[in-house]
Amino acid sequence: MATSLPRRRRKMESAIEWLLAGAALAAILTTLGIAAVLVGESLPFFRSVSLWRFLTDTQWTPLFADPRFGIGVLLSGTATSSLVALAVAIPCGTALALFLSEFAVGPLRESVKPILELLAGVPTVVFGYFALDVVTPLLQKAWPALPGFNLLSAGLVMGVMIIPYVASLSEDALRAVPMSLREGAYALGATRLQAAWQVVFPAAFSGVAAAYVLGVSRAIGETMIVAIAAGQQPRLTLNPFEPAATVTTYIVQVAKGDVPHGSLGYRTIFAAALALFLLALTFNLAADWIRRRQRLRGRIS
Amino acid sequence: MTDRARLKARIQRAKQLERGFLLVAWLLLALLAAVFAGLFVSMLQTAWPRLQPDFFLSFASRRAAQAGILAAWVGTLVLMSITAAVAVPLGVAAGVYLEEYARQSRLTTLIEVNIANLAGVPSIVYGLLGLGLFARLLGFGASALTAGLTLGLLILPIVVVATREAIRTVPNAIREASYAVGATRWQTVWQQTLPAARAGILTGIIIGLSRAIGETAPIVTIGAVTFIAFLPPSPLSPNFPFISFDWVWSPFTALPIVTFDWTSRPNADFRANAAAAALTLTLMTAAMNGAASWLRYRLRRRQRW
C-alpha cells in the first residue's frame, strides 16, 4: 500500500509527478507564448493602421513612402499557390490512399511506403530549389511566356510535397473502416474498386476530410518553396502564371532584411503572421472537430 | 438473354474501371518516384563539380568557387544538439505524464487538443515566437541558443506523440508485475515502461530531428546570418571547469540557410553551390529517416509480446 512507503520515497514520487505535469504544460505555454508575441507586437500596428484598412486595402506597400497595408494582397498569393497545390495533392493523395489501403497488400505496401517517406523527408528549401531550377524551366518549354518566378511551379511542387501527408492521413482513416463493410460489398458482387469508392470511402469520409483540411493548413503555412520560386512582389492576383508574394514570403523577406526593431515595418510581419496563425488555427480546429464528431457518432451502423 | 448480356457488359465495365484505376495508381507512384529521382539526379549533376573535400572544409566566400559549407554543417550539428536537449526531455516527460499519470480531466483534454494544434502551426510562426520571445525579450539575439530553443518547441509535438504511441504498446502485464513486486509508479515507469518503449521513442526523436534539420523558415526569421567565417567556440576549455557553453551564444549559420541564400542569388555561379548544399542536406535527412525506418523494422521483428 502506498501509505507504507517511506516518507522520502513518497515525496519524491509526487515531486516527479509535478515535474512531468510541468513538461506537459510546456505545450500550453508554447501556444500562449505564440499568441502573446503575435498579439503583443501587432497591437501597436493596429493602433496606427485600422483593422478595416488592413482587411480591405488593395495594396501592400508597407516599406514605401506612402505605405498601404492590405493583407488581402498577400492572402491572394497564398490562396493561389495553395489552390494549385491542393489541386495536385487532394486527387493524388486520395488515389494513393485508396490504392495503399484497399489494393496493396503485404510486401507491395511495404515497398511503396518508403517512396512516400522519402518524399516526405525532403526539406522544403530543397523543394524550393527544385521548383525554381528544374520545374520552372520545364514549364517554360510548354509556355514560353511563363515568368521565371511564378505561383504555378511553386504550387505544383508544394502539391507534390503535400501528397505523402494527405495520403498517409487518409489511409489511416480508410483502414479504420471495419472489414464487415467491405465484405458486405463483396457479397453483393462489387469489385474492389466499387467497394473502395462506394462503400469504404464514404464511410471514412470525415477522416479523409480532416486529412484534406490539414493539407490546406500545410499549404497556407508553407514558406520556403514560395519564397524561392514564386517571386517576392506583392500583387493582387489569382492567376498562377504570375509571380506574387504570399503571407509567408513577406515575413521571410522582411526578417531577412534589416528592418529596425520596433518600426512599423517590423511590426507588419507580426500582424501578417497573426493573420496566418488564425487562418491555420481555424483549419486545424476544423479538422479536429470533424474527427471528434466522427468518433462521437461511433461505429458506422 | 439480353439481361444476361447487359449484366455481363456491366461487370466487364466495372472490371475495366478497376484496371484503369490500378494503372493510374501505378503511374502516379512511378511519377512520384521519378520526381524524387529527377530531383536527386538534377542536384547531383549541378553539384558534381563542387563536391570536393574543400567544399566541406571551407568557410563562406564571395567567390562561388571558393565558398564552402564548413560553418554551415558545424552550425547544423550545434543546432541539433540544442534542439534535442530541449525537445527530448520535455517531450518524453510530457508523453509519460499524459499516458501514465494524467487523469481524464478538462486540463488533460486541453493539453491534448493543444498538442494536436501545435503540430499544425506553420513553422514560420514558431520563427516569430523565437524572434519576439527568445531573441528580443530574453535578449538571446540571433544565437544558436535562440534557434535551438525555437526548433525544440517546433518538434515537441512530434516527440510527445511518438512517446505516447510507444508507451501505449507496452503491455499492462509488465506494469502489473512491477507493481506486484512493490515498485512505485515512477520506478515502474523508469525501470520497466520506458526501457520497453525506448525503440519507439527513439524513432520519434530521430524523425523529429530530421524535420528540424531541414527547417529553414523559422531560423531565417529569427535573424540568422548567412555569412559566417568562423566556428563556434569549442565546448572544451583549457581552464577550470574545462567545459564552456560559449558556443551556445555564438552567432551561427546552418545548412538550410546557406542553401536558401545561394538558391536565391541571381548569380548563376552559385547554382552549383546551392545544389551541393541542398544535396548534403537531403542526404542527411534521408539518412536519419532511413535510420528511423530501420529501427521501426527491427522493433517490429524483435517485439516479444
Side-chain angles (χ1 to χ4, degrees), chain A residues 5 9 13 16-17 19-21 23-24 26-28 30-31 33-34 37-38 41 92 95-96 99 103 112 114-115 117-119 121-126 128-130 132-134 160 163 191-194 214 217 221 223-224 228 248 251-252 255-256 261 269-270 273 276-277 280-281 284 288, chain B residues 14-15 17-18 21-22 24-25 28-29 32-33 35-36 38-39 42 90 93-94 96-98 101 110-111 113-118 120-125 128-129 131-133 136 153 156 184-186 210 214 216-217 220-221 223 256 259-260 263-264 271 274 278 281-282 285-286 289 293:
Chain A
L5 284 175
R9 188 79 250 171
E13 284 287 319
I16 285 170
E17 181 166 352
L19 262 176
L20 297 176
I28 293 192
T30 308
T31 308
I34 290 175
V37 166
L38 293 185
E41 293 280 358
C92 297
L96 276 180
F99 177 72
F103 292 89
V112 165
I115 300 181
E117 275 168 21
L118 267 178
L119 269 176
V122 176
T124 56
V125 65
V126 175
Y129 160 85
F130 184 59
L132 181 67
D133 262 27
V134 180
V160 169
I163 288 174
T191 61
R192 277 200 294 184
L193 182 65
Q194 284 171 326
L214 289 175
S217 143
T223 308
M224 296 324 291
I228 290 172
T248 51
I251 298 172
V252 162
K256 223 181 147 225
H261 174 222
I269 62 175
F270 288 91
L276 183 71
F277 178 65
L281 191 71
N284 292 339
D288 204 55
Chain B
K15 283 188 170 168
L17 257 174
E18 181 164 306
F21 174 79
L22 280 176
V24 169
L28 198 60
L29 273 173
L32 283 184
V35 166
F36 189 77
L39 168 63
S42 82
L90 267 184
V96 166
Y97 178 77
L98 288 173
Y101 285 85
L110 183 67
I111 294 176
V113 172
N114 210 316
I115 288 172
N117 246 312
L118 281 178
V121 170
S123 61
I124 193 161
V125 171
L128 289 168
L129 171 72
L131 177 65
L133 182 64
R136 306 272 191 198
L153 292 183
L156 191 61
T184 62
R185 195 184 248 186
W186 174 248
S210 91
T216 319
V220 169
T221 311
T259 310
F260 176 45
T263 309
S264 45
R271 281 286 173 265
L281 191 59
T282 312
T285 55
N289 282 329
S293 294

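Every chain is numbered from 1, with letters handed out A, B, ... down the list of sequences. Only heavy atoms go into these numbers, but all of them, side chains included; no hydrogens, no water, no symmetry mates.
Across B/L118, B/T221, B/V96, the residue that shares the most heavy-atom pairs under 4.5 angstrom with chain A is B/L118. Considering only heavy-atom pairs separated by less than 4.5 Å from chain A, the leading option among B/L110, B/L98, B/L39, B/L156 is B/L39. In terms of non-hydrogen atom pairs under 4.5 Å with chain A, the most contact-rich of B/G132, B/S42, B/A93, B/G214 is B/A93. Counting heavy-atom pairs closer than 4.5 Å to chain B, the top-ranked of the candidates A/C92, A/G221, A/S217 is A/C92. For the options B/V24, B/L29, B/I115, heavy-atom pairs under 4.5 Å to chain A are most numerous at B/L29.
Looking at A/V252, both its backbone and its side chain come within 4.5 Å of chain B, counting heavy atoms on both sides. For a residue to count as touching a neighbouring chain, one of its non-hydrogen atoms must lie under 4.5 Å from one of that chain's; by this rule B/F260 touches chain A with backbone and side chain alike. Within the 4.5 angstrom heavy-atom criterion, atoms from both the backbone and the side chain of B/T216 approach chain A. Within the 4.5 angstrom heavy-atom criterion, atoms from both the backbone and the side chain of A/F99 approach chain B. The contact between B/L28 and chain A is made entirely by side chain atoms (from C-beta outward), counting heavy-atom distances below 4.5 Å. For a residue to count as touching a neighbouring chain, one of its non-hydrogen atoms must lie under 4.5 Å from one of that chain's; by this rule B/N289 touches chain A with the side chain only. Contact annotation for A/A21: both backbone and side-chain heavy atoms come within less than 4.5 Å of a heavy atom of chain B. Contact of A/L132 with chain B is made through the side chain alone, with heavy-atom distances under 4.5 Å. Residue A/T191 touches chain B through both its backbone and its side chain, counting heavy-atom pairs closer than 4.5 Å. Only the side chain of A/L38 comes within less than 4.5 Å of a heavy atom in chain B; its backbone stays farther off. Looking at B/L17, both its backbone and its side chain come within 4.5 Å of chain A, counting heavy atoms on both sides.
Checked by atom type and distance alone, the side chain of B/E18 pairs as donor or acceptor with a backbone atom of A/R192 at under 3.5 Å.
In this structure, OG in B/S210 is found 10.0 Å from CD in A/E117, a value given to the nearest 0.5 Å. Note that CZ of A/R9 and CH2 of B/W186 are 10.5 Å apart. Values are rounded to the nearest 0.5 Å. Interatomic distance, CD1 of A/I28 versus CG of B/N117, reported as 11.5 Å (0.5 Å rounding). The structure places CG of A/L119 at 5.5 Å from CG of B/L32, a figure rounded to the nearest 0.5 Å. Residue B/I124 holds its CD1 atom at 4.0 Å from OG1 of A/T223, rounded to the nearest 0.5 Å.
Checked against A/I34 for a side-chain contact (heavy atoms from CB on, under 4.5 Å), the options B/L133, B/V125, B/L128, B/L153 give a single hit: B/V125. Of the residues listed (B/L281, B/T263, B/T282), the one engaging A/Y129 in a side-chain contact (heavy atoms from CB on, under 4.5 Å) is B/T263, and it is the only one.
Closest of all the heavy-atom pairs between B/G120 and A/A280 is O-CB, 4.3 Å. Smallest separation of non-hydrogen atoms from B/T285 and A/P123: OG1-CD, 3.7 Å. Counting all heavy atoms, side chain and backbone alike, A/A27 lies closest to B/N114 at O-OD1, 3.6 Å. Scanning both residues, A/A26 and B/L90, for their nearest heavy atoms gives CB-CD2, 4.0 Å. When all heavy atoms of A/M224 and B/A217 are compared, the closest pair comes out as SD-N, 3.6 Å.
Side-chain contact check for B/P122 versus A/L276: some heavy-atom pair is nearer than 4.5 Å. Between B/V121 and A/T31, every side-chain heavy-atom pair lies at or beyond the 4.5 Å cut-off.
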